[in-house]
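Residues take their numbers from the sequence shown, with the count starting at 1.
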Amino acid sequence: MSASSLSLPADPAAAIAALRGWLDADSVPPLVVETSGSTGRPKRVLLSREAVLASARATSAVIGEGRWALALPPDYIAGAQVIVRSLLAGHDPALAGVAAAYDEGARFVSLVPTQLHRMLADPDEFSVLASYRAVLVGGGPSEPGLLERARAAGVRAITTYGASETAGGCVYDGRPLPGVEVEVDAEERIWLGGPTIFSGYLDDPEATAQALVGGRFRTNDAGTIGEDGRLRVLGRLDDMVITGGIKVPAPAVAARLRAHPAVAEAEVLGVPDAEWGRRVVAFVSVNGPLSLADARDWIAAEHPRTWAPRQLVAVDEWPVLGNGKLDRRALEAMA
């Protein structure tokens, strides 16, 4: 910790001690957490204690409070919030695996989709996961089939949307937490406001001015708000791949590919191309034969053929960042 900010260590026990002191002190500097850096250079986000507490208390108001299992890195906001929520409920978070943590009294856990996918394949871990009061799933888009399998088996899986700039997830299953304001503008850009919003980026006034506008967070995500008031996140605005003058929504193409019987997992990116400007590339893990022609025909059966990928890359092991999110830059390098 410096005189002007608190950065959390990666060691869970040390992070718990640091946050306990930060919560209990009379006067504290802002907490500094890094963004994931999955799409570019990480930014250092400044969060006041008031913003962190507002987020933690809003979560407890919606799903309840108790001891949490810490399954995420504590130096990122999702892990830090697990610690804060647990401490506010009077407990240190459990540091054992999800199954052992339940035996130690943990009843809440926060996971990224990859972790949930792996636990569903492990009968011992999964059977305990279904006993948790709530399982938050965030940090990236979740395959609908994954959530359906989890919920059908009794897991109370709750999707979360938010960012380091909002002190963690602030929209649960499409609905904003108490006090959180959500707006989608004419360009389908999502704006977030309320008491959980960050104070700025450390030593980066230009980036702060672009993202923090009138006290609201100007996200880089596209979305819509349905008639039921739920927010639907369509993906990042920069996920719109412009190829040969055609706009291709990469998340929609990836979702269609995941429905193919031979595809276990899929991601779609635009990579630089001399002819097309950017070409649409599909990255897939398969459990059966799949050619590029097959993939293109599968996309064209539901979407315009101009959305179909021009390259297919087989992935044996998905590259991830330290916080468990997909490393999109590493994927692009594979193409």
Does [Y] offer a backbone N or O that forms a donor-acceptor pair with the side chain of [X] under 3.5 Å?
{"X": "R67", "Y": "D92", "answer": "yes"}
{"X": "Q81", "Y": "A167", "answer": "yes"}
{"X": "Q115", "Y": "A71", "answer": "yes"}
{"X": "S60", "Y": "A56", "answer": "yes"}
{"X": "T166", "Y": "T196", "answer": "no"}
{"X": "R278", "Y": "G270", "answer": "yes"}
{"X": "W307", "Y": "P249", "answer": "no"}

Heavy-atom closest contact ([X] atom, [Y] atom, distance):
{"X": "V241", "Y": "A250", "value": "CG2-CB, 4.2 Å"}
{"X": "S48", "Y": "S199", "value": "N-OG, 4.1 Å"}
{"X": "V281", "Y": "A335", "value": "CG1-CB, 4.1 Å"}
{"X": "V137", "Y": "A157", "value": "CG2-CB, 4.3 Å"}
{"X": "S110", "Y": "W68", "value": "N-CZ3, 4.0 Å"}
{"X": "L290", "Y": "L312", "value": "O-CD2, 3.7 Å"}

Enter the distance from [X]:[atom1] to [Y]:[atom2] here, rounded to the nearest 0.5 Å.
{"X": "F217", "Y": "I190", "atom1": "CZ", "atom2": "CD1", "answer": "10.0 Å"}
{"X": "L269", "Y": "Q311", "atom1": "CG", "atom2": "CD", "answer": "10.5 Å"}
{"X": "T243", "Y": "E275", "atom1": "OG1", "atom2": "CD", "answer": "8.5 Å"}
{"X": "L6", "Y": "L46", "atom1": "CG", "atom2": "CG", "answer": "11.0 Å"}
{"X": "Y102", "Y": "E125", "atom1": "OH", "atom2": "CD", "answer": "14.0 Å"}
{"X": "I16", "Y": "L8", "atom1": "CD1", "atom2": "CG", "answer": "10.5 Å"}

Are any non-hydrogen side-chain atoms of [X] and [Y] less than 4.5 angstrom apart?
{"X": "L23", "Y": "L53", "answer": "yes"}
{"X": "R156", "Y": "Y132", "answer": "no"}
{"X": "E188", "Y": "T224", "answer": "yes"}
{"X": "T114", "Y": "W318", "answer": "no"}
{"X": "W22", "Y": "V52", "answer": "yes"}
{"X": "L331", "Y": "V315", "answer": "yes"}
{"X": "F108", "Y": "S86", "answer": "no"}
{"X": "R85", "Y": "L136", "answer": "yes"}

Original post:
If you draw the axis of the six-membered ring of Y201, does the NZ or CZ of R44 fall within 45° of it and under 6.0 Å from the ring centre?
Top reply: no

Original post:
Within a radius of less than 6.0 Å around CZ of R175, do more than 12 heavy atoms belonging to other residues, nucleotides or ligands occur?
Top reply: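 Yes.
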
Subject >> Over 12 foreign heavy atoms within 6.0 Å of CZ, R20 >> reply: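 Counting neighbours around CZ of R20, more than 12 heavy atoms of other residues, nucleotides or ligands fall under 6.0 Å, so yes.
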
**OP:** Take L116 and L129 through the side-chain contact (heavy atoms from CB on, under 4.5 Å) test and state the conclusion after the steps.
**Re:** CA-CA 9 Å; L116 178 61; L129 197 63; 3.6 Å; yes

Cluster link [X] to [Y], ILVMFWY, side chain under 4.5 Å:
{"X": "M119", "Y": "V112", "answer": "no"}
{"X": "F283", "Y": "V253", "answer": "no"}
{"X": "L87", "Y": "L31", "answer": "yes"}
{"X": "V213", "Y": "I197", "answer": "no"}
{"X": "L212", "Y": "L47", "answer": "yes"}

Subject >> side-chain contact (heavy atoms from CB on, under 4.5 Å) between H117 and R149, intermediate numbers included >> reply: CA-CA 10 Å; H117 177 81; R149 292 196 304 275; 4.1 Å; yes

Subject >> Lys/Arg N to Asp/Glu carboxylate O, R216 vs D185, below 4.0 Å >> reply: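 Not counted as a salt bridge, because no side-chain N and carboxylate O are separated by less than 4.0 Å.
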
Subject >> Candidate list T160, T159, T59, test side chain to side chain donor-acceptor pair (under 3.5 Å), partner Y172, passing option >> reply: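 Per the side chain to side chain donor-acceptor pair (under 3.5 Å) rule, the option paired with Y172 is T59, out of T160, T159, T59.
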
**OP:** Could you walk me through whether E267 and R258 pass the side-chain contact (heavy atoms from CB on, under 4.5 Å) test, one step at a time?
**Re:** CA-CA 9 Å; E267 294 292 339; R258 293 185 193 113; 3.2 Å; yes

Original post:
Yes or no on side-chain contact (heavy atoms from CB on, under 4.5 Å) for V263 and W298, after CA distance, side-chain angles and deciding distance?
Top reply: CA-CA 11 Å; V263 175; W298 180 257; over 6 Å; no

**OP:** Name all residues meeting the side-chain hydrogen bond (donor to acceptor under 3.5 Å, both in side chains) criterion together with D75; count only those two or more places apart in sequence or in a different chain, and write none if there are none.
**Re:** none

